[in-house]
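Right, one structure below, let's go through it.
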Amino acid sequence: MMVLTRPLAALGAVVLSALATIGHVTLFALATFRHIVTPPYYVREYLHALVHVGYLSLPVVGLTAVFTGGALALQIFAGGSRYGAEEVVPQIVALGVVRELGPVMVGLMMAARVTSSIAAEIATMKVTEQIDALVTLSTDPMKYLTAPRVFAGLVTVPLLVAVGDTLGIFGGWFVSMNTLDFNPSTYLKNTVDFLETPDIVSSLVKGAAFGGIATLMGCYFGMNSGRGAQGVGRATKTSVVAAAVLILAANFLLTQAFFAT
Amino acid sequence: MISLDGVHKAFGSKEILRGVDLNVARGESCVIIGGSGTGKSVTLKCVLGLITPDSGTIKVDGEDITATGDRDAFLARFGMLFQGAALFDSLPVWQNVAFRLLRGSLKRPKAEAKEIAIEKLRRVGMGPDVADLFPAELSGGMQKRVGLARAIAADPEIIFFDEPTTGLDPIMAGVINELIREIVTEMGATALTITHDMTSVRAIADKVAMLHRGKIRWHGPVSEMDTAEDPYLHQFITGSSEGPIETLR
Ligand SMILES: Nc1ncnc2c1ncn2[C@@H]1O[C@H](COP(=O)(O)OP(=O)(O)OP(=O)(O)O)[C@@H](O)[C@H]1O
Ligand SMILES: [Mg+2]
């Protein structure tokens, strides 16, 4: 009997702990939003977070976007030419980058760069009792550490997505112009004519959602880190995996919400 | 002023505190001694609300700590030196010391806060030149002293010191012992100190409490410590490996 029930029990335990985590993360997110909208505001922490989450992510976002846009143009040209439809490159690049690749690439780069560094930093603070010290100094760690970072994610990642979209299209344009013999100005005109407001809005909304997810996961797993160096390592790893999976899942849901008719 | 009554705390299946009863009067300096890992740091953290006890009550000024409405106001009365100093490594030394003075209800102009920070650093034997360094640039003993300066920066009524002299040279340890004594006698603060250093116990304690196996094994005035009958206490203060406290070798 035990042999039969044991796998079920294990499965049940996994499901229960997953549900508990979802509940905890939800409460954590709600508490964070409450702290973002209620004073006191630690201005210095907010500025610091804006610079670290947003500004310093620009190079990596720019580079990934340019290369991805370029590669996309080559593939669309290759695929399109089989049907004599090479001229759709600007339109499809624009659509692919703005609706999907731009936000997803930026989101995943945020998980790699921002989630990991937030989780490692906060987990280390937890392990070295700095979080406890904050509490004894009458400072709420949620307000001092989490709120500024999540705010920075929500605000700067849409801007990063806008930059990523632009540079992704630029990458496609550059490749098309140099190796695929497109006319540069016609290419740009086709791109601009084709894109519609909902495309751009969806891109920015996705950016805000992914920025929120990336920073929240870093803070949540950092704050709940286990003890010792191992605890920090585990918190960092889990936060990045959770952020990446949630970003891709959220991307699917948002695409469905915006474009499924 | 601080009273613990039947405080229990277990981490998983590991019972750490098994009914701690302790009273510290206003203006008194109480020292907790006891073997490594007996839960001395956990006891302090329970009083500060950083760890929630499984059962038992903790009162400060007769009020249950879980019932205090305004946690900020409650914590503003305390200063705490953590065993590992727990300095914020993203901030320079002086901002660590003046942390409380730069934000919240005790906020004051930056220049004034820095002045106070430098004065507190001086009291723990550190010059103004360290004020702009970062914690990572300091030695362990220096970090400890910065932590001490931070604990006393806002002149709290109640101060907790978790091993204030560990990692310091004997002369500096003497300076810190004197400082703690001064804070209690001159400022009328209530102090609860954890230490393994018997010189320190004799220098700063009015009252000594020994934690063993999750309970207060012995407590009394420091003057009675040497003549007490308790074999556990006797073994501890003489540092003998022979006695009722088992040592694994
Ligand atoms: N957050 C925690 N989670 C799990 N176990 C803990 C936690 N905090 C403390 N412990 C355990 O509780 C026990 C007592 O810890 P504590 O830090 O209070 O010891 P201590 O008396 O201060 O010892 P030392 O003199 O070495 O500092 C230890 O076994 C420790 O592993
Ligand atoms: Mg300890």
Report task. Determine whether more than 12 heavy atoms belonging to other residues, nucleotides or ligands lie under 6.0 Å from atom CD of B:Glu182. Result -> yes

Report summary line: Between the CG atom in B:Leu50 and the CG atom in A:Asp132, the distance rounded to the nearest 0.5 Å is 4.5 Å

Query - chain B contact via A:Thr124 - which portion, at a heavy-atom distance below 4.5 Å - result: neither

Requested in this report: Compare every heavy atom of A:Ser138 with every heavy atom of B:Arg100, then report the nearest pair and how far apart it is.
Outcome: NH1-OG, 2.8 Å

**Report entry** Minimal non-hydrogen separation, A:Val135 against B:Leu75, with atom names
**Finding:** O-CD1, 3.2 Å

Report task. Select, from A:Met125, A:Arg44, A:Glu121, the one with the greatest count of heavy-atom pairs under 4.5 Å involving chain B. Result -> A:Arg44

Requested in this report: Answer yes or no: does atom CZ of B:Phe134 have more than 12 heavy-atom neighbours from other residues, nucleotides or ligands under 6.0 Å?
Outcome: yes

Query raised in the report: If you take all heavy atoms of B:Ala86 and A:Ala133, which pair is closest and at what distance?
Result: O-CB, 3.8 Å

Requested in this report: For the pair A:Thr128 and B:Phe82, evaluate side chain to side chain contact (heavy atoms under 4.5 Å, CB included) and give the outcome as yes or no after the intermediate values.
Outcome: CA-CA 10 Å; A:Thr128 55; B:Phe82 285 84; over 6 Å; no

Query raised in the report: Heavy-atom count around B:Arg181 CZ within 6.0 Å, excluding the residue itself: above 12?
Result: yes

Query raised in the report: Where on A:Ile131 is there a heavy atom nearer than 4.5 Å to chain B: the side chain, the backbone, both, or neither?
Result: neither

Query - A:Glu129 to B:Gln83 - nearest heavy-atom pair and separation - result: OE1-N, 4.2 Å

**Report entry** Proximity breakdown for B:Leu91 and chain A, heavy-atom pairs closer than 4.5 Å
**Finding:** side chain

Report task. Count the heavy atoms belonging to other residues, nucleotides or ligands that lie under 6.0 Å from NE2 of A:His48, then report whether that count exceeds 12. Result -> no

**Report entry** Heavy-atom neighbours of B:Phe11 CZ exceed 12 at 6.0 Å
**Finding:** yes

Query - A:Tyr144 and B:Phe99 aromatic ring geometry - parallel, tilted or perpendicular at 30°/60° bounds - result: perpendicular

Report task. Determine, step by step, whether A:Leu137 and B:Arg150 satisfy the side chain to side chain contact (heavy atoms under 4.5 Å, CB included) criterion, reporting the C-alpha distance in whole Å, the side-chain angles of both residues, the deciding distance to 0.1 Å, and the verdict. Result -> CA-CA 9 Å; A:Leu137 293 166; B:Arg150 183 174 72 184; 3.8 Å; yes

**Report entry** Region of B:Leu87 that comes under 4.5 Å of a non-hydrogen atom in chain A
**Finding:** backbone

